[in-house]
Structures are given as structure tokens and as C-alpha cells.
Amino acid sequence: MLLEVDQLSFQYDTKPIFQDVSFALKAGELCAILGINGSGKSTLFKCIMGFIHANRGSISFDGINVKRHKIIEIAKKVAYVPQDHPITFPYLVREMVLMGRTSHISNFLKISDEQYFKVEEALQALSLGDLADKPFNQLSGGQRQMVLIARALAQETKLMLLDEPTSSLDFKNQLLIWRTLLQLKKEGKSVLVCTHDPNHVLWFCDRVLILDNKKLIADGPPKEVMTEQLLQQVYGTMCTLEAVANKKMVLPRMS
Ligand SMILES: Nc1ncnc2c1ncn2[C@@H]1O[C@H](COP(=O)(O)OP(=O)(O)OP(=O)(O)O)[C@@H](O)[C@H]1O
């Protein structure tokens with residue numbers, strides 16, 4: 001398994017966020033996490049990345065407990081796209097994406113052409129060539145989000161964690177990102193993505209984890225586990241599940 005989360009529980013001070021969360025991800029899975037605001041999705045990602053430490057349970061990459069990995073080893077295995085990344089120093093977009101190559105660079109005084117090539121590849125994959133020489137801190141929110149995803153692509157890891165990667169993106173870029181994630185899956189990589197759009201989960205993901213009331217209440221193929229009853233348990237009765245053009249869609253209930 002690329003990632004194993006076993007009976008993980010976390011609390012901020014005395015406030016429990018989630019309890020006994022267990023799941024494992026194997027190669028070639030595109031898995032979403034759904035849950036309402038404040039349900040603990042970002043906290044779970046931060047625990048997996050080792051930025052904060054769970055109170056109970058364990059996390060392993062490739063069968064090795066995360067606590068036994070050095071940071072550089074984690075960076076070789078896992079790329080992480082945060083919701084936002086406020087930066088005041090005017091790094092150029094090209095430099096931001098090059099930071100994704102850190103674990104591949106042995107000598108920072110002599111960065112090889114191959115590293116710059118990988119940066120160009122990631123920029124081109126997300127059509128960011130025109131922004132390459134712009135300062136990151138002068139970009140729009142959506143442009144910044146695209147650059148952070150490009151940085152993660154440049155990292156070339158087996159596992160990618162993305163925290164609401166399309167939340168600031170226009171529709172075209174949302175589709176470009178989902179297409180890119182589907183391509184990663186095809187290449188045998190594993191992707192874990194938090195999102196607030198249940199339709200994206202139904203259309204693009206082959207597995208969904210649902211966090212609700214501090215527990216993982218569902219884990220399985222979206223078309224099977226995302227029943228109207230479950231969606232209403234999570235999001236309330238303002239939504240309904242309908243079949244539109246032979247595809248399941250979550251729609252607002254209008255009456
Ligand atoms: N540093 C912190 N100290 C204390 N509580 C925190 C901290 N960070 C987050 N929380 C709380 O933990 C809970 C879970 O937050 P988290 O950001 O993980 O939720 P989320 O599911 O990612 O939410 P959203 O969908 O709104 O991004 C929230 O109630 C939040 O207020």
C-alpha cells in the first residue's frame with residue numbers, strides 16, 4: 001500500500017476533530033474526501049504530511065511508519081498541495097515550481113538542465129508558460145492555485161495530496177486539473193483530493209471517503225456509496241440526487 005492510515009484520532013487541545021479514521025490507498029487510485037466545512041479534512045492531510053501529530057493511530061508510506069521517514073524521504077514519496085500558500089517574497093513562478101524538485105536536487109549551486117526541463121514540463125502541463133516569469137505574490141488566487149499544483153506535479157511522487165485544488169479555478173482550469181489527476185491515476189500514481197463538489201467526485205473519482213461527525217462514515221465507489229440518504233445526512237435536505245443524461249448528479253432541491 002502507498003498510504004495506510006490506521007485508527008487515527010486527532011484533537012486540537014481538548015477539541016476532538018476525528019476519531020479512529022482508517023483507510024489505505026494503493027497505486028492507481030483517485031480518491032476524494034468529502035465533508036462539510038470544519039469536518040477535519042485539512043487536519044487529516046496535515047497529520048498525513050507530519051505537520052501535526054495525531055493523538056492515536058499510525059500513518060505509513062510504503063509500509064514504513066511516517067515517523068521513521070526523514071522529511072526528504074517524505075518529499076520523494078508525497079506531494080502536497082495546500083489550500084493556499086501565502087508568500088511575501090517575490091519568487092518567480094518558475095522558481096516556485098523548481099522548489100517542487102528540491103528532493104531531486106543534490107547541489108543547489110549547480111542545478112542541472114534536467115531539473116529545469118521538469119519545471120517547464122509541469123508549467124506546460126497546466127498551460128502556465130505565460131506566467132513563468134511573474135512573481136508568485138502578484139498572481140490571482142486561481143493562478144496561485146495552479147502554480148502550487150504545478151509545483152506538486154514537478155515533484156514527481158507516487159502519491160499526491162491535494163486540498164481543495166479547484167476551489168478558486170475557472171471551469172476550464174477545473175476540468176484541466178481533473179484531467180491531469182486522471183492522467184496521474186493512469187500512470188499508476190495515487191491521488192487523494194479534498195473537494196466540496198460532490199459532482200466532481202461522482203464524475204471523476206473511483207473512490208470516496210466521507211468524514212462526518214468526527215468519523216469516516218463511508219468508503220467506496222462514489223456511485224455506490226453516495227446515496228441520497230447519505231448526502232442528506234451530510235449536507236442536509238437542500239440537495240437531491242438525480243439521474244441526468246444517464247449520469248448521477250447532485251442537484252439543489254428547489255422546493
Ligand atoms: N490550529 C488550530 N487550532 C485549533 N483548532 C483548529 C486549528 N485548525 C483547525 N481547527 C479546527 O479544526 C476543525 C477542522 O478544521 P479543518 O481545517 O481540518 O476542516 P476542513 O474539513 O478542512 O474545513 P474546510 O472544508 O472549511 O476547509 C475546525 O473546527 C477548525 O476550527
Side-chain angles (χ1 to χ4, degrees), residues 3-23 25 29-59 66 71 74 78-87 140-149 151-152 159-170 173-174 177-178 181 190-205 207-220 222 225-226 230-239 250 252:
L3 170 68
E4 275 177 279
V5 173
D6 189 30
Q7 298 205 301
L8 206 71
S9 299
F10 180 86
Q11 58 188 61
Y12 285 110
D13 297 321
T14 55
K15 183 183 171 188
I17 304 299
F18 52 76
Q19 288 160 344
D20 289 327
V21 168
S22 295
F23 66 94
L25 275 191
E29 281 194 279
L30 175 45
C31 177
I33 304 187
L34 281 177
I36 60 168
N37 289 133
S39 57
K41 303 175 301 296
S42 299
T43 303
L44 176 62
F45 273 15
K46 287 175 193 165
C47 287
I48 294 173
M49 292 308 296
F51 303 152
I52 53 177
H53 298 291
N55 306 88
R56 271 209 328 270
S58 66
I59 298 158
V66 66
I71 286 178
I74 294 180
V78 192
Y80 167 64
V81 178
Q83 272 182 19
D84 196 10
H85 190 43
I87 273 196
S140 72
Q143 289 170 330
R144 281 204 305 275
Q145 202 163 32
M146 292 293 283
V147 173
L148 293 177
I149 300 168
R151 184 180 68 170
L159 174 64
M160 193 183 282
L161 265 52
L162 303 100
D163 198 346
E164 295 180 35
T166 60
S167 60
S168 303
L169 302 187
D170 65 54
N173 277 335
Q174 289 182 29
I177 294 307
W178 280 110
L181 300 184
S190 217
V191 180
L192 186 59
V193 54
C194 280
T195 170
H196 281 304
D197 192 329
N199 286 321
H200 286 175
V201 179
L202 281 165
W203 297 335
F204 303 119
C205 298
R207 183 172 168 197
V208 63
L209 309 171
I210 301 183
L211 258 183
D212 188 52
N213 215 0
K214 304 180 184 55
K215 298 273 182 192
L216 205 55
I217 60 160
D219 176 359
V225 301
M226 289 170 65
L230 187 99
L231 289 165
Q232 291 188 352
Q233 178 184 334
V234 177
Y235 298 116
T237 52
M238 284 189 294
C239 66
V250 182

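These numbers come from a predicted model, not from an experiment. Numbering of ligands and ligand atoms starts at 1, following listing order.
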*Asks:* Under 3.5 Å, is there a donor-acceptor pair between the side chain of K41 and the main chain of I36?
*Replies:*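 Flag set: sc K41 to bb I36 pair under 3.5 Å.
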
*Asks:* Report yes or no: does D197 contribute a side-chain atom to a donor-acceptor pair with the main-chain N or O of N199 at less than 3.5 Å?
*Replies:*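 Side chain of D197 to backbone of N199: a pair is present.
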
*Asks:* Could you check whether any heavy atom of I36 sits closer than 4.0 Å to an atom of ligand 1, since that is the contact criterion I want to use?
*Replies:*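 Per 4.0 Å heavy-atom rule, I36 contacts ligand 1.
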
*Asks:* Over 60° means perpendicular and under 30° means parallel, so classify the ring planes of F51 and Y80, tilted if in between.
*Replies:*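 Because their plane-to-plane angle is over 60°, the rings of Y80 and F51 count as perpendicular.
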
*Asks:* Run down the list L34, N37, T43 and name the one with the heavy atom closest to atom 26 (O) of ligand 1.
*Replies:* N37

*Asks:* How are the rings of F10 and Y12 set relative to one another: parallel (under 30°), tilted (30 to 60°) or perpendicular (over 60°)?
*Replies:* perpendicular

*Asks:* Does any N or O of ligand 1 fall below 3.5 Å from an N or O anywhere on G35, backbone included?
*Replies:*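 The answer is no, given that G35 and ligand 1 share no N or O pair closer than 3.5 Å.
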
*Asks:* Check the pair L3, S190 against side chain to side chain contact (heavy atoms under 4.5 Å, CB included), reporting the backbone distance first and the verdict last.
*Replies:* CA-CA 9 Å; L3 170 68; S190 217; over 6 Å; no

*Asks:* Of the protein's non-hydrogen atoms, which lies at the shortest distance from atom 21 (O) of ligand 1, and what is that distance?
*Replies:*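 The protein heavy atom lying closest is K41 NZ, 2.7 Å.
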
*Asks:* Nearest non-hydrogen atom to atom 7 (C) of ligand 1 belongs to which of Y12, F10, F45?
*Replies:* Y12

*Asks:* For the residue pair Q83 and S167, confirm or rule out a side-chain donor-acceptor distance under 3.5 Å.
*Replies:*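 The criterion, which ignores hydrogens and geometry beyond distance, is not satisfied for S167 and Q83.
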
*Asks:* Does the N55 side chain pair with the main chain of Q11, one donor and one acceptor, at a distance under 3.5 Å?
*Replies:* yes

*Asks:* Which of the atoms in ligand 1, numbered in the order shown and given with their element, are less than 4.0 Å from a heavy-atom of H196?
*Replies:*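 Selected atoms, number and element: 25 (O).
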
*Asks:* May I ask you to check if ligand 1 and I17 share an N or O to N or O distance below 3.5 Å?
*Replies:*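 Between I17 and ligand 1, no N or O pair is found under 3.5 Å apart.
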
*Asks:* For atom 14 (C) of ligand 1, what is the nearest protein heavy atom, given as residue, atom name and distance?
*Replies:* G38 O, 3.4 Å

*Asks:* What is the closest protein heavy atom to atom 17 (O) of ligand 1, and at what distance does it sit?
*Replies:*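 For this ligand atom, the closest protein heavy atom is S42 CB, 3.7 Å.
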
*Asks:* Give me the nearest non-hydrogen protein atom to atom 27 (O) of ligand 1 as residue plus atom name, then the distance to 0.1 Å.
*Replies:*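 Nearest neighbour among protein heavy atoms for atom 27 (O) of ligand 1, to 0.1 Å: Q83 NE2, 3.0 Å.
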
*Asks:* Any idea which atoms of ligand 1 are less than 4.0 Å away from a heavy-atom of E164?
*Replies:*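 Under 4.0 Å from E164, ligand 1 has these atoms: 24 (P), 25 (O), 27 (O).
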
*Asks:* Show, in sequence, the C-alpha distance, side-chain angles and deciding distance for H196 and N37, and conclude whether the side chain to side chain contact (heavy atoms under 4.5 Å, CB included) test is met.
*Replies:* CA-CA 9 Å; H196 281 304; N37 289 133; 3.4 Å; yes

*Asks:* How far is atom 31 (O) of ligand 1 from its nearest protein heavy atom, and which residue and atom is that?
*Replies:* K15 NZ, 3.8 Å

